[in-house]
Amino acid sequence: MSSVLVNLDELCVIEPNFVGEWTVTPNDARFGEQWAMNNTGQSPPGGTPDADIDAVEGWDLSTGSASVVAAVMDSGVFLGHPDLAANIWVNPGEIAGDGLDNDGNGRVDDVNGFDFFDNDNNPDDPLGHGTHVAGDIGAVGNNSIGVAGVAWTTDLMALKIGNAAAPNAAAMTAAINYVIDMRLNRGVNVRVMNASVGFGAFSQVQLDAINAADAAGILLVAAAGNSDVNIDTNPSYPASYDAPNIIAVAAP
């Protein structure tokens, strides 16, 4: 901060000359299309300027951390995607390809996550939905390609809970319990789970798992659905569960 010198004969206001900083905007090739991150009224969709999540303003404070793990419970994740590969979580307790359950969690070679739908260690994505979600959460930012995730740097744990047709509620519950175990018993700093899925039926077993995740200090971010309805009266689970660690997210 420096002082401003003025002619006292013309003096109206004396104030500090504050030094600012450049706003952090990534150079990713398709960032201009990410209106939800930074809405300038671009077309498509031709929305309202600044109707966004203020990602650019947030990036002035932080662009993420590799020490924080985000669990993506979805159709899987394309692990080799060029905009995701650097941010894919690697299980520190496993030795890849040795056919052993090195960390003793009941899952063999769960190196990058697990497929709870097919009960195997390959959480690859046959649909593309989970890969898209993973990109929104943690695509590598400022690398000149693709898009930018909300966190440019993070660890994405790939947890497959369905096939190309539909998600599976039992598989999701198993994935939640896996996340809890990894945080409490395996030293993995997984702090948030994402579930961009919706089920029409209430599950006490699933709610119990979500409450256990709350006790373990884990958030669940859940989609409110695509039906344009009040999910308090027309429930979509898990977003509609009454649990303190759920953040239900609706699109504009």
Side-chain angles (χ1 to χ4, degrees), residues 63-143 145-164 167-168 170-197 209 212-213 216-221:
T63 55
S65 170
S67 67
V68 177
V69 181
V72 183
M73 300 186 296
D74 214 287
S75 61
V77 176
F78 175 23
L79 303 178
H81 193 289
D83 221 9
L84 295 174
N87 281 348
I88 296 296
W89 172 71
V90 177
N91 186 347
E94 282 294 324
I95 299 172
D98 69 352
L100 300 174
D101 177 17
N102 303 108
D103 61 2
N105 69 349
R107 316 287 179 181
V108 174
D109 284 341
D110 53 324
V111 177
N112 303 121
F114 200 77
D115 178 352
F116 290 94
F117 184 80
D118 297 308
N119 197 35
D120 62 43
N121 57 25
N122 180 16
D124 203 15
D125 184 5
L127 181 61
H129 186 273
T131 300
H132 186 160
V133 169
D136 287 338
I137 297 168
V140 177
N142 211 39
N143 64 347
I145 64 171
V147 298
V150 173
W152 298 359
T153 304
T154 188
D155 267 3
L156 299 166
M157 179 187 287
L159 303 178
K160 185 176 176 180
I161 61 169
N163 60 11
N168 182 293
M172 179 179 156
T173 301
I176 294 171
N177 288 325
Y178 175 90
V179 170
I180 295 168
D181 176 62
M182 296 304 286
R183 175 161 171 76
L184 294 182
N185 303 318
R186 318 288 164 188
V188 177
N189 188 33
V190 55
R191 302 301 303 274
V192 61
M193 306 176 289
N194 187 87
S196 294
V197 300
I218 303 167
L219 288 173
L220 171 61
V221 180

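Only a predicted model underlies this, so the values are computations on that prediction, with no experimental measurement involved.
- Just one residue in the list Asp110, Val179, Val72, Asn194 forms a side-chain contact (heavy atoms from CB on, under 4.5 Å) with Leu159, and that residue is Val179.
- Counting only heavy atoms from C-beta outward, the side chains of Trp152 and Asn143 never approach each other to under 4.5 Å.
- Rounded to the nearest 0.5 angstrom, Asn105 CG and Glu94 CD are separated by 6.0 Å.
- In this structure, Ala134 and Leu156 approach most closely via the heavy-atom pair O-CD1, 3.9 Å.
- Put simply, the side chain of Arg191 never gets that close to the backbone of Ala70: no donor and acceptor are under 3.5 Å apart.
- Here the side chains of Phe117 and Ile161 are not in contact, with every heavy-atom distance at 4.5 Å or above.
- Inspection of the Asp98 and Asn102 side chains reveals an N or O donor paired with an N or O acceptor under 3.5 Å.
- Of the charged side-chain nitrogens involved, none lies within less than 4.0 Å of a carboxylate oxygen, so that Asp101 and Arg107 do not count as a salt-bridged pair.
- Summarising the geometry, atom CG belonging to Asn189 is positioned 12.0 Å from atom CE belonging to Met182; distances are rounded to the nearest 0.5 Å.
- Taking the charged nitrogens against the carboxylate oxygens, Lys160 and Asp125 have no contact shorter than 4.0 Å, which rules out a salt bridge.
- In this model, no donor atom of one side chain and acceptor atom of the other lie less than 3.5 Å apart for Asn91 and Asn112.
- Within the 4.5 Å cutoff, no side-chain heavy atoms of Phe114 are placed close to those of Met157.
- No side-chain heavy atom of Asn87 sits less than 4.5 Å from a side-chain heavy atom of Asp155.
- One distance of note links CZ of Phe116 with CD1 of Ile176; it measures 10.5 Å at 0.5 Å rounding.
- With Asn168 contributing its side chain and Ala170 its backbone, the two residues share a donor-acceptor pair below 3.5 Å.
- To the nearest 0.5 Å, atoms NE2 (His132) and CG (Leu84) are separated by 11.0 Å.
- Residue Asp124 holds its CG atom at 11.0 Å from CG of Asp118, rounded to the nearest 0.5 Å.
- For the atom pair CG of Leu219 and CE of Met193, the computed distance is 8.5 Å after rounding to the nearest 0.5 Å.
- Here the side chain of Arg183 pairs no donor or acceptor atom with the backbone of Ile218 at under 3.5 angstrom.
- A distance-only check finds a donor-acceptor pair linking the side chain of Thr154 to the backbone of Val68 [under 3.5 Å].
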